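Values reported hereafter were calculated over all heavy atoms of this structure, with side chains retained and with hydrogens, waters and symmetry mates removed. Just so it is clear, the model here is predicted, and its values are computed rather than measured.
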Amino acid sequence: MVSKNIEPAQHFTKPPPRYTEAGLVKELEKRGIGRPSTYASIISTIQQRGYVELIKKRFYAQKIGDIVTQRLVNNFTDLMDYDFTAQMEQQLDEIAEGDAEWRNTLNEFYADFTSKLDQADKEMQDNAPVPVDIECPACGLPMQLRTARTGSFLSCSGYNKPPKERCKETINLIPGEEAEPVPGDEDAEAKELLSKKRCPECGTAMDSWLIDEKRRLWVCGNSPDCPGTVIESGQFRIKGYDGPIVECDKCGADMQLKTGRFGKFFACTSPDCKNTRKLMRNGQPAPPKADPVPMPELKCEKSDGYFILRDGLAGVFLASNKFPRSRETKSPMVEDLARHRDELDPKFHYLADAPQTDPDGNPAVIKWKRKEKRQALAGLKDGKATKWQAFYENGEWTWETMKKKK
C-alpha cells in the first residue's frame with residue numbers, strides 16, 4: 001500500500017502584477033489613451049509630480065497620487081473615465097475628416113467642463129494636514145502630517161501663525177515597509193497587507209512611518225480624509241545594514257541609518273553636526289569624505305566661479321563653487337594639488353607628491369580608474385591623454401605605456 005503525505009500550504013489571491021514602463025505603454029495602447037508621441041511625456045510627468053515611484057523597474061503608487069486620483073474621480077467622473085481620451089481622439093478625427101464642426105464640439109465640451117470646474121472649486125476636499133500627537137521639538141506645539149509631491153512629513157502646526165511667530169520645524173518620515181519581499185515568496189504583498197494595523201476610526205489598513213529609533217507612526221490609508229493615527233513605541237532601525245555602529249568622523253558621535261531621495265545614508269546623531277555618509281551597494285558605509293579645498297586661482301570656464309577640490313566615491317575631482325547653478329567639473333592636475341598640499345587631507349598627500357609630468361615632459365593629470373578602483377596619473381597634451389599612465393604601488397609612482405585597444 002502506497003502511503004501519501006499531506007502538506008498543508010496557505011495561498012492568497014494575488015493582485016495583478018505592477019506595471020513596468022513597457023506594460024504601462026501597452027495598457028495605454030489597449031485603451032486608446034494618448035498616442036505614441038505622448039507616451040514618454042505621460043511616463044515622465046507622473047514621476048516628476050510624485051504620483052508614482054519607479055522601484056526595480058516597476059511603478060508603485062505614492063500617497064499624493066492616490067489623493068489626486070480620488071479627488072479627480074469624485075469631481076470629474078467623465079474626464080477620468082478610461083474611454084474619455086479614446087472618445088476625444090475619435091471626435092478630433094471626425095473634425096479632421098470634415099464630419100463634425102470643431103466649434104460645436106468645443107462648445108459642448110467647454111460648457112460641461114466649466115460647470116463641473118466651478119462646482120469642484122466649491123466642493124472639492126482639501127489636502128488638509130492631519131493632527132498627530134507629537135510635540136514639535138522646536139516650540140512644543142502639536143505636529144501635523146502633511147503629504148506633498150516629495151512624500152509625507154511632519155510639520156509644526158505653528159507654521160500657520162503670522163510670519164514673525166511662524167515655526168518652520170519639520171521631521172522627515174521613513175517608510176515603515178523598508179523590508180523587501182522575501183525572494184521566492186509569491187504571497188509577500190498579501191502577508192504584508194494582513195500584518196498592517198487597522199484604523200481605530202474607520203477600520204482601513206494603516207500605513208506606517210518611522211519617526212526615529214523609538215517611535216513608529218501609523219496613519220490611516222484614507223488619510224487625509226480620515227484623521228486616524230496610532231503612535232507605536234519600541235526599538236526600531238532601518239533594515240539594510242547589519243554591520244557595526246558607524247562613528248562620525250567629524251565629531252565622534254554615533255551615526256544613524258536613514259533614507260532619503262537618493263537612497264539610504266548615515267547621518268550623525270549630534271544636533272550640531274550635519275555630517276553624512278552614503279550606504280554603498282555592497283552594504284557597507286562609504287569611506288569618510290575629506291573636507292573640500294577651495295582653489296580660487298582655478299577659474300571656471302562656464303561661469304564666474306572657481307573650482308573646489310572635492311572627495312567623491314570616484315576619487316578626487318574639481319567642481320565649481322557655484323554648484324548647483326553651475327555643474328562644471330574636471331580632473332585636477334598634480335601641480336594643482338601640490339600648491340595646496342598643506343590644506344589637503346593626509347590621505348591625499350601621495351597625490352600631491354606625485355610626478356607633475358610624464359616621461360615626455362607633459363603635465364600629469366589625476367584620473368580615476370574604474371576597473372582598478374584607484375587613482376592614477378595620465379599624461380596630458382593639448383587636452384588629450386598621451387600614451388603614459390602611472391600607478392602608485394609600494395610607496396612610489398611607476399609610469400607605463402597604455403595598451404592599445406584591439
Engineer: What is the distance from atom CD1 of Ile33 to atom CG of Leu28, rounded to the nearest 0.5 Å?
Structural biologist: 5.5 Å
Engineer: To the nearest 0.5 Å, what is the distance between CG on Asn160 and CZ on Arg166?
Structural biologist: 8.0 Å
Engineer: Taking Ser157 for the side chain and Pro142 for the main chain, is one N or O donor matched with an acceptor at less than 3.5 Å?
Structural biologist: yes
Engineer: Side chains of Arg215 and Glu232, heavy atoms from C-beta outward: is any pair under 4.5 Å?
Structural biologist: no
Engineer: Cation-pi check, Arg31 to Tyr82: give yes when NZ or CZ is under 6.0 Å from the six-membered ring centre and within 45° of the ring axis, no otherwise.
Structural biologist: yes
Engineer: Tell me if the CD atom of Gln125 is crowded by more than 12 foreign heavy atoms within 6.0 Å.
Structural biologist: yes
Engineer: Give me the atom names and distance for the closest heavy-atom approach of Arg18 to Tyr60.
Structural biologist: NE-CE2, 3.0 Å
Engineer: Output the distance between atom CD1 (Ile308) and atom CG (Leu318), rounded to the nearest 0.5 Å.
Structural biologist: 10.0 Å
Engineer: Heavy atoms only: give me the nearest Asp133-Ile231 pair and the separation to one decimal.
Structural biologist: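 Looks like O-CD1, 3.2 Å.
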Engineer: Could you walk me through whether Trp368 and Lys373 pass the side-chain contact (heavy atoms from CB on, under 4.5 Å) test, one step at a time?
Structural biologist: CA-CA 7 Å; Trp368 175 259; Lys373 295 183 179 180; 4.1 Å; yes
Engineer: Any side-chain donor paired with an acceptor under 3.5 Å for Asn222 and Thr204?
Structural biologist: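 Yes, side-chain donor-acceptor contact under 3.5 Å.
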Engineer: Does Gln47 reach the main-chain N or O of Ile43 with its side chain, forming a donor-acceptor pair under 3.5 Å?
Structural biologist: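 Yes, because the side chain of Gln47 sits within donor-acceptor range (under 3.5 Å) of the backbone of Ile43.
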Engineer: Give a yes or no answer on whether the side chain of Lys299 reaches the backbone of Pro296 with a donor-acceptor pair at less than 3.5 Å.
Structural biologist: yes
Engineer: Kindly say whether Ser41 contributes a backbone atom to a donor-acceptor pair with the side chain of Thr45 at under 3.5 angstrom?
Structural biologist: yes
Engineer: Is the shortest side-chain heavy-atom distance between Pro294 and Tyr306 below 4.5 Å?
Structural biologist: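 In contact.
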Engineer: Is any side-chain heavy atom of Leu79 less than 4.5 Å from a side-chain heavy atom of Phe109?
Structural biologist: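 Yes. Closest side-chain heavy atoms under 4.5 Å.
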Engineer: Please tell me if the side chains of Asp311 and Asp291 come closer than 4.5 Å, counting only heavy atoms from C-beta onward.
Structural biologist: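 Side-chain contact under 4.5 Å: no.
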Engineer: Report yes or no: does Asp81 contribute a side-chain atom to a donor-acceptor pair with the main-chain N or O of Asp83 at less than 3.5 Å?
Structural biologist: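 Yes, because the side chain of Asp81 sits within donor-acceptor range (under 3.5 Å) of the backbone of Asp83.
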Engineer: Any side-chain to backbone donor/acceptor pair from Thr114 onto Tyr110? Under 3.5 Å, distance only.
Structural biologist: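 Yes.
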Engineer: With a 4.5 Å cut-off on side-chain heavy atoms, are Leu337 and Arg341 touching?
Structural biologist: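 A side-chain contact under 4.5 Å is absent here.
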Engineer: Would you say Glu328's side chain and Glu301's backbone share a donor-acceptor pair under 3.5 angstrom?
Structural biologist: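 Indeed, once roles are kept as given, a pair shorter than 3.5 Å links the two residues.
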Engineer: Would you please test Glu89 and Arg35 for side-chain contact (heavy atoms from CB on, under 4.5 Å) and show each step?
Structural biologist: CA-CA 9 Å; Glu89 295 275 1; Arg35 296 187 177 185; 2.6 Å; yes
Engineer: What's the shortest heavy-atom distance between Leu141 and Gly158, and which atoms?
Structural biologist: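 That would be CD1-CA, 3.8 Å.
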Engineer: I need the minimum non-hydrogen distance between Ala61 and Asp66, along with the two atoms involved.
Structural biologist: CB-OD1, 3.9 Å
Engineer: Please check if the side chain of Thr357 supplies one atom and the backbone of Asn362 the other of a donor-acceptor pair under 3.5 Å.
Structural biologist: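 The answer is no, because no donor-acceptor pair under 3.5 Å joins these two groups.
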Engineer: Identify whether the distance between the nearest side-chain nitrogen and carboxylate oxygen of Asp225 and Arg71 falls below 4.0 Å.
Structural biologist: yes
Engineer: Working to the nearest 0.5 Å, report the span between NZ of Lys289 and NZ of Lys250.
Structural biologist: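 Spacing of NZ (Lys289) from NZ (Lys250) equals 10.5 Å.
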Engineer: When you check the side-chain N and O atoms of Trp218 and Asp207, is any donor under 3.5 Å from an acceptor?
Structural biologist: no
Engineer: So do the side chains of Lys57 and Glu21 get within less than 4.5 Å of each other, counting heavy atoms only?
Structural biologist: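 They are not in contact (no side-chain heavy atoms under 4.5 Å apart), so the answer is no.
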Engineer: For Met255, does its backbone N or O pair with a side-chain atom of Glu247 as donor and acceptor, under 3.5 Å?
Structural biologist: no
Engineer: So Leu377 and Trp397, side-chain contact (heavy atoms from CB on, under 4.5 Å) or not? Walk me through it.
Structural biologist: CA-CA 9 Å; Leu377 304 182; Trp397 289 94; 3.5 Å; yes
Engineer: Taking atom OG1 of Thr329 and atom CZ of Arg327, what is their separation to the nearest 0.5 Å?
Structural biologist: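 Thr329 atom OG1 to Arg327 atom CZ measures 10.5 Å (nearest 0.5 Å).
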Engineer: Quick one, Gln70 with Val73, criterion side-chain contact (heavy atoms from CB on, under 4.5 Å). Give me CA distance, side-chain angles, the key distance, then yes/no.
Structural biologist: CA-CA 5 Å; Gln70 188 262 342; Val73 168; 6.0 Å; no
Engineer: Is there a side-chain contact between Glu400 and Lys387, using heavy atoms and a 4.5 Å cut-off?
Structural biologist: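 Not in contact.
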Engineer: Can you see which heavy atom on Ala148 is nearest to which on Ile64, and at what distance?
Structural biologist: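 Closest heavy-atom pair between Ala148 and Ile64: O-CB, 3.7 Å.
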Engineer: Does NZ belonging to Lys347 count more than 12 external heavy atoms closer than 6.0 Å?
Structural biologist: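 More than 12 heavy atoms, drawn from other residues, nucleotides or ligands, come within 6.0 Å of this atom.
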Engineer: Taking all atoms of both residues into account, what is the closest heavy-atom pair of Lys63 and Gly221, and its distance?
Structural biologist: NZ-O, 2.6 Å
Engineer: Using distance alone, with no hydrogens and no angle criterion, decide if Lys367 and Gln389 have a side-chain donor and acceptor under 3.5 Å apart.
Structural biologist: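 No donor-acceptor contact under 3.5 Å links the two side chains.
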Engineer: What's the spacing between Asn172 CG and Leu210 CG if we round to 0.5 Å?
Structural biologist: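 The distance works out to 12.5 Å.
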Engineer: Show your reasoning for whether salt bridge (charged side-chain N to carboxylate O under 4.0 Å, His left out) applies to Glu53 and Arg58.
Structural biologist: CA-CA 8 Å; Glu53 184 178 357; Arg58 294 188 179 276; over 6 Å; no
Engineer: Let's go through Asp78 and Lys116 carefully: what are the C-alpha distance in whole Å and the side-chain angles of both, what is the deciding distance for salt bridge (charged side-chain N to carboxylate O under 4.0 Å, His left out) to 0.1 Å, and is it a yes or a no?
Structural biologist: CA-CA 10 Å; Asp78 55 341; Lys116 291 183 177 178; 2.9 Å; yes
Engineer: Between Asp358 and Thr386, is there a side-chain donor-acceptor contact under 3.5 Å, judged purely by atom types and distance?
Structural biologist: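 Note: Thr386 and Asp358 side chains meet the donor-acceptor criterion.
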Engineer: Assess the residue pair Tyr392 and Tyr350 against the criterion (ring pair (Phe, Tyr, Trp, His ring centres under 6.0 Å)); give the C-alpha distance rounded to whole Å, side-chain angles, the decisive distance to 0.1 Å, and a yes or no.
Structural biologist: CA-CA 8 Å; Tyr392 188 74; Tyr350 80 103; 4.9 Å; yes
Engineer: I want to check something: taking the side chain as every heavy atom from C-beta on, are Lys369 and Phe391 in contact at a cut-off of under 4.5 Å?
Structural biologist: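 They are in side-chain contact.
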Engineer: So, Ser223 side chain and Val219 main chain: donor-acceptor pair closer than 3.5 Å or not?
Structural biologist: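 Not confirmed, Ser223 side chain does not pair with Val219 backbone.
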Engineer: Will you find, in the side chains of Ser44 and Gln48, an N or O donor that is under 3.5 Å from an N or O acceptor?
Structural biologist: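 Their side chains do contain a donor-acceptor pair, which is all the 3.5 Å distance test asks for.
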